[in-house]
Each structure stands twice: as structure tokens, then as C-alpha cells.
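Lettering follows sequence order; numbering is per chain, from 1. Remember, predicted model here, so these are calculated numbers, not experimental data.
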Amino acid sequence: MSGVKRLPLAGVKVADFCWAIAGPTTTKYLAIYGAQVVKIETHSRPDSTRISPPFAGKPGRNSSLHFGILAPSKLSVSLNLKDPRAQEIAKRLVAWADVVTENFSAGQMGEWGLDYENVRKLNPKAIMLSSSQQGQTGPHAGHPGLGGMLQALTGFNHFTGWPDREPLGPALPLPDMIAPWFSIIAIVAALEQRTRTGQGQYIDLSQLEAGLQFLAPGILDYTVNGRDGERRGNHADHAAPHNAYRCQGDDRWCAISVRSDPEWQALCEAMGRSELAKDARFDTMLKRMQHSTALDAIITEWTKQRDARQVMEMLQAAGVPAGLVATGRDLHEDPQLRHRKHFITVDHARMGQYPIDAAAFRISGIEPDVRPAPLLGEHNEFVLRELLKMSEGEYQELMNAGVCS
Amino acid sequence: MSSSSTSAPFLPLSLYRVLDLSDETGALCGRLLGDLGADVIKVEPPGGDLSRNRAPFYHDDAHAEKSLTWWAFNCNKRGITLDLATADGKGILKRLVASAHFLIETFAPGHMQKLGLGFDVLREINPGLVMISITPFGQSGPYSGYKGDDIVTMAAGGMMNLCGTEDRPPLRIGIPQSHTFVGAQAAVGAMLAHAGRLASGEGSHLDVSAQEAVANMLTNTQQHWFAENQVEHRGAKHLYGGRMTRGVFPAKDGYIASHIFWGPGPGNRMRGLAQWMQDKGFETTIKNTDFNKVTGGSISQEQVDAWEDEMSDFFSRFTKDETYREALKRRAFLFPVSSPKDLLSNDQLKSRGFFEKVEHPELKTSVTYPGAFLRYPGAPQSIRLRPPLIGEHNGVIYVNELGYSRDELVSLAEAGVV
């Protein structure tokens, strides 16, 4: 490998109006891969993640760890956008930027005179991302909701759960965590396209449409076969046993998947039950599918006496796919994630040291630049004086007038 | 360099070529680069990619050309077959690499090196190549040799811990998601590496982990452990403001997703529902409560449960569609739990032209697909190419583009190379 290269987005300027989760996750990756991201915030309505738990120490606007992992390496400027002079600064940042990002409900940016039509007038080459629940156009654009509920509209819950129970989804705002990947791809592609065409671009990203990319096989099963989806617990068509199995301790589990005869024989050996491999109830995949409930009971007898990570490591050593059902604690203690340096520790002025999750990829020769999340308004002077080139007098006048308060 | 058959100059990646050697764990990465206009060539072993055996199937016909899972993630690609274990196969891949910009592979760590096709070899041929290697746990480290399967990486990445009911095992999402999570994040890495290459001229090798891709979907569960030594657990009820909500409520024909909101600001979100209840003459305490004045500490779980009983009673009188239509009018915070059928008739998706009809002439039919995540001006529709048949473009690519003769292609086929 050659030495460390320049960061891929070095020199890219981002005026970041994003808040909550989906938008800030997008600009997090732009920032740690080299873009200069100016987060435009207000004191009167701080970003919801600034005031959401968990906190490092006393709860406050500068101590949320959730905000801490969403805003590394960003600059923060606080603007009182009710003041026309603050709106003027926001417009100057739009003119300064290569990329403008926002994820308000459809229509909000227009109220500040910052919808794409106006952005384009201020900066014809700007690339603007609007990430919203259902897109900027259409009869349901602007309908309010939260990510955890949008997950239901998208269809994740319909396919998830036990056949005899109500639909479930992971206790997460999943669409908020899906949309960013699509947003980043579209922004980087637009930046490259601009070098050839000289044109800016508007990216109208619908989180619903992004989420549906992940459920496409289930959609096709309906459009082709008329099958309207179902909940099947942990059942799979390609493997049996295929489930999470209870292990030693309080609510500890390990997932196991057996996809072939050799994996079945390896599982029996690893459990010290080689006679099972010859048991006529289980000696073919079709029979294992048919007797999966009996199999689950047999396997649980073995797993429940063992530590979940030990079960994973023993079975994998024998060639059987297995993974412990990891909690937040397990992720911190995971030897593989440690090897990959998944948690990058930064030192924050108020929160002290805290870990930020790395991306799922390592790019040879490129080390992301991960710095602590900014305090609210921490970079007011830098942004106004250095980036927008204001004079000392103009800057002081604006500060005295409370434009940044 | 891009093939005239797929060239779409208005798309951002129309100048670039992708070699997609991946199975189901990387297919979405190539699909996304294809959606952006790249010429993606799926390189399958003779007989086809083994992940062509994934259900569901077209008309339930379990055939390698009819896997709907494979179709879903392999649109906007051309397809060739190539046996990388043969000397001719390796030689052909190297010729393809010379004119490619991205290569995606999902073999076990070390497999490409064993074939003599590791990154160090390929970058000698093409110093600008961005090679994307996707595995369950990564290229090195104590678990790098471990086997993955969707349920394994969904568990090890931490998502199953947050999904399910307390009285039953942790659950995976019913349609495999670790593949889509890692495929999308691999495409992000590929685009960042591409941006770096445009500046430096140098390619790079990406080591992408599915476990890590799942962990990156969890919002802040890792921070809860770090800050509070608190381990989150799955539950039928999602945690909310220190209280629990059931999250979904039965409707006449399915379920509605909603919950109680309270506190200054969020309390306003109850107004639409309260007004609807009142208009319907429904006996409820919700309409008499100012949820802006309710604080988390001032209400008991019993109170939350009582309000949610009222919601449950109310929603059970309507269909999902009736409820969503009222919610849209009243800006009420709720969504239906959509099935595919609901999504196909969703007015918003219809209005945006999201679903696209794609011709499958070999089956004498057209199939309705979810469109791509973006629609670019100038493109008639986002899916330009239906998923390729096995070896469909062998002739075009080997003969017309690489310059092999028809006779040589016949020999390569007879030798099992293509």
C-alpha cells in the first residue's frame, strides 16, 4: 500500500441545514471523508439529537452522545433564522457551498427563501439534497411522521414477526438509517457529473422509495405471483436449523444457520452428538426443514449451557455459520470489531473521550478524519470571518445584534 | 469506454464500467452503480451465480433464470459467464479489468489472491481500479474466516437484539437485510474511493464487512452501553420516553403504526387524531387531554396503556386505507403497516411514477418493479436493462468488444470457460 492519500472529498464545501438523524448521518460521512461541512443551527430550536439521550455527564445541548456520533468533524454556526440578517448569512453560505443539504418537511426551506429555485439563483452550480419521508412532490409530500412509523409504511413490519402475532420491526427508525447511503451516493455522483457538465443538480430523495430498494424481492413476489407477504418468524427456505438459540445467562442468544449436509454433520460433531448426524429424522435438508421444531429443542439443550460468544466461536471453528445476538456491550467487546478499529475515540471539550462508529468499509490508503462533534455555535467566528470573509467590524456588529444567539 | 448498448450520457456514471463478480451479498452494490448509469457487467460462473437459487421465483418455478430475489438486485446489468479457475478465464478477466473502473467481489478472504487475481495483481494491470471486497466479517481479524448467512450477520451486527418479543427468540427481518445494508454501504465506499481516484489517479481496495454494516444501522445502541452501561432489549413495545408503547394497533384489515406523543411540542402531534375521534363522536379521554402539558415523569405506564386501549378500540373500526386517508387530511402522526398490495396502490408512489414496467421478452411478459432510488431527467425510466440471462452478453462482450472470434468463443464454451 502506498502512503496515506488526500481525503477524497477534500475541497468540497457543504452548507448543512440537516437535523435529526437521516440528514446528519449523510453529512457525517461527507465530513469524515474530507468535506468542509458547516452545520447551520439555531439556539431557539436545537437539533433534536442535541437534546436526546444518552448524555455524557449532565444533559445539555453539548453533551448528547447521539449528537456526538452524528456530527463528527463538522463546523457549527448558530443563526437566529427569524432575523433577516441571519437569513442573509444563510444565503451567503449557500452561495459559498458546493453542496446544500436539508431534511426538513417538504416546504420548510421555502419559508426561509432557500428552496431549490432560490438556491439555484444564489448558486447555479449548487448540488442540493432534500431528503424527506416521501419526497418533495406528490399528494402525501409533507405528511408528518417519524422514522419508526415510516418503517411500517415502507413494509418492513409486514414481513417481520411471528405468524401468530402482530407485525414487528426492529426498535429503530430504520428509514432514517437507510436514506443516508442513497443520499451520499447521489451527492458524490452529482459532484463528479458537475465537473463534466458544469451544472448543479437537485436530489429529491424519498426515504420511502429508498427503503423499498431493500424490500424489492417481496414487492416482486406480489407483482409477479400475487403473494402479499407474510410473517415467518426466523424460518428460511434455504436452511434448517435456522434460528436464534438461547444460551447461558440472562436473555443471551446465538443465531445458527445450517445450509448443507456437511454443515449439519459439523454441528452434530461440535455438540458432541455425532449419533444425531445418522438420525433418520434429520439426515436430509428436507427432513430437517420438516422437523425444525424438534431440532430447535435439541440444539437449545446444548446452547443453553454455554456462553453465547463461546457457542459462536466453537461452531464457526467447526465450519457452522453462527453469530451471537450482539448487544451494545457485545459490540464494544467484539474482537473482530476491535481488530477493525470500529470504534474511533475522540476527545470532546465537554463530553471527554467518546467512541464514534467507523464506516463499514476501509479504503486502502485513506484514513477518515474523525474529530469530535462541535459545540453549538462553536465555529461562528471562523465561519463568518474566514469562510464568508467578513470584516472584524461587520462580524462584531452582527454578534452584538444577537444574530448568532 | 462504456458500451454503446447501455450508454446513457445524462446519467452520472455513464463513463464507467463495473465488473460485478458478487453473489447475493454484493448484488445491490453493483445495482446501485448501474442505476447511476455505469456499464455493469455481472460475471458469473458457467451455469450462473449460485444465488440465482434464491426464492421467491417467477410463478413459483424454481429455475435459475426465474429467481425474483436475483432479479430485484441485478437490473441495469449485462451478464457474462466466466470460469475464473481456468487459465483462459483468468486471462479474460484481466483483459476486462484493463478497461474497468470498479470490481466487486464477495469471495472468502484470500480467494482472489489464490486465483492469482488479488488486488496487487489487478492494480498492476489497471492502477486506477477500485476493487470492492465484501465479506461477512472483513478481510482480516479473528472472525475473518467465519461463515456468514443473513441471520448470522444480523445477529453479530446487533440488529436482532432489537427485534422481537421478550417471550420468544430475537428475530431477523423477514426479507434478508444484511445483504442490502452491506451492498448499499459498499456502494458508498465505492463512490468515495472513486472521488479520491478522480483527484489522485490512484485506485484503492475496499474491505467491507457485513457485520459492521449492520452495526451502522443501530442509531445509538452502542452509545447507550458506553454512557450508561445500559443494554437495550427487544420488546413487542418500542421504548419511548421511558414508557412503552405497543407501536401497532389492529385495523379492520391489518395494522396501523402509531403511538402516544406527549411533552411541549410533540404533544401537538395528538391533535389530528383527537379531532378525528371527536368528529366521530367516539368516547375518549384523548380529546380532553392537553398532551403538551403531559411530561414523561407525570404519567404512569398504566395511563399510557389506557390511552393506547382507546386508540386500539378506535382504529379497529376502520380499514387501513380509511385511517390513512383521515390521517393525511388531519396531519395525524400515523401510518398503515403496508403490504406490497398497499404499496402498489399507494397514491404517493403512483404520483411519483415509482413503479416501472420492465419487459421480459424471453417470458413474453412485462414485470412491475420498484424503480431506482432516483430518477434522472432525460431517462425514460430508471431501469434500462432487465436482469441478464445466464451468459446473455457473452457474444456481445467477448466477440464485439474484446475481439475474440466466434470460433474462439465456441472453443471457450466447449472447454467450460464461459
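Between the side chains of H158(A) and D342(B), no donor N or O sits under 3.5 Å from an acceptor N or O. Between the side chains of T327(A) and N161(B), no donor-acceptor pair is found at a separation under 3.5 Å.
Only the side chain of Y376(B) comes within contact range of chain A, judged by heavy atoms closer than 4.5 Å. Heavy atoms closer than 4.5 Å to chain A are found in both the backbone and the side chain of Q222(B). For R352(B), the part lying under 4.5 angstrom from a heavy atom of chain A is the side chain only. Neither the backbone nor the side chain of S133(B) has a heavy atom closer than 4.5 Å to any heavy atom of chain A. In this structure, the portion of V367(B) lying under 4.5 Å from any heavy atom of chain A is its side chain and not its backbone. With a 4.5 angstrom heavy-atom cutoff, H194(B) touches chain A only via side-chain atoms. When heavy atoms are compared at a cutoff of 4.5 Å, Y255(B) approaches chain A solely by way of its side chain, counted from C-beta outward. Interface residue L11(B): only backbone heavy atoms are found under 4.5 Å from chain A. Proximity to chain A involves both the backbone and the side chain of Y143(B), based on heavy atoms less than 4.5 angstrom apart. Interface remark: T365(B) contributes no atoms to any contact with chain A (heavy atom separation under 4.5 Å). Heavy atoms of L343(B) lying under 4.5 Å from chain A belong exclusively to its side chain. In this structure, the portions of L328(B) lying under 4.5 Å from any heavy atom of chain A include both its backbone and its side chain. Proximity to chain A is absent for every atom of R197(B), based on heavy atoms less than 4.5 angstrom apart. Proximity to chain A is limited to the backbone of L334(B), based on heavy atoms less than 4.5 angstrom apart.
A side chain to side chain contact (heavy atoms under 4.5 Å, CB included) with I185(A) holds for exactly one of L32(B), L13(B), L374(B); it is L32(B). Under the side chain to side chain donor-acceptor pair (under 3.5 Å) test applied with R340(A), the options E212(B), Q139(B), Q211(B) reduce to a single match, E212(B).
The pair R375(B)-E209(A) meets the salt-bridge criterion, with a side-chain N (NZ, NE, NH1 or NH2) lying under 4.0 Å from an Asp/Glu carboxylate O.
Between E263(A) and K147(B), some side-chain heavy-atom pair lies under the 4.5 Å cut-off. Looking only at side-chain heavy atoms (C-beta outward), L68(B) and N225(A) come within less than 4.5 Å of each other. The side-chain heavy atoms of M191(B) and I187(A), taken from C-beta on, include no pair separated by under 4.5 Å. A 4.5 Å side-chain heavy-atom check between F354(B) and L212(A) finds at least one atom pair inside the cut-off. The closest side-chain heavy-atom distance from F249(B) to E166(A) is not below 4.5 Å. Looking at heavy atoms from C-beta onward, L146(A) lies in side-chain contact with H259(B) at the 4.5 angstrom threshold.
The candidate with the highest count of non-hydrogen atom pairs below 4.5 Å against chain B, out of S52(A), A210(A), A358(A), P335(A), is P335(A). The residue among T221(B), N216(B), N229(B) with the most heavy atom pairs within less than 4.5 Å of chain A is N216(B).
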H233(B) vs D251(A), side chain to side chain donor-acceptor pair (under 3.5 Å): CA-CA, chis, key distance, verdict | CA-CA 9 Å; H233(B) 284 282; D251(A) 203 33; 2.8 Å; yes

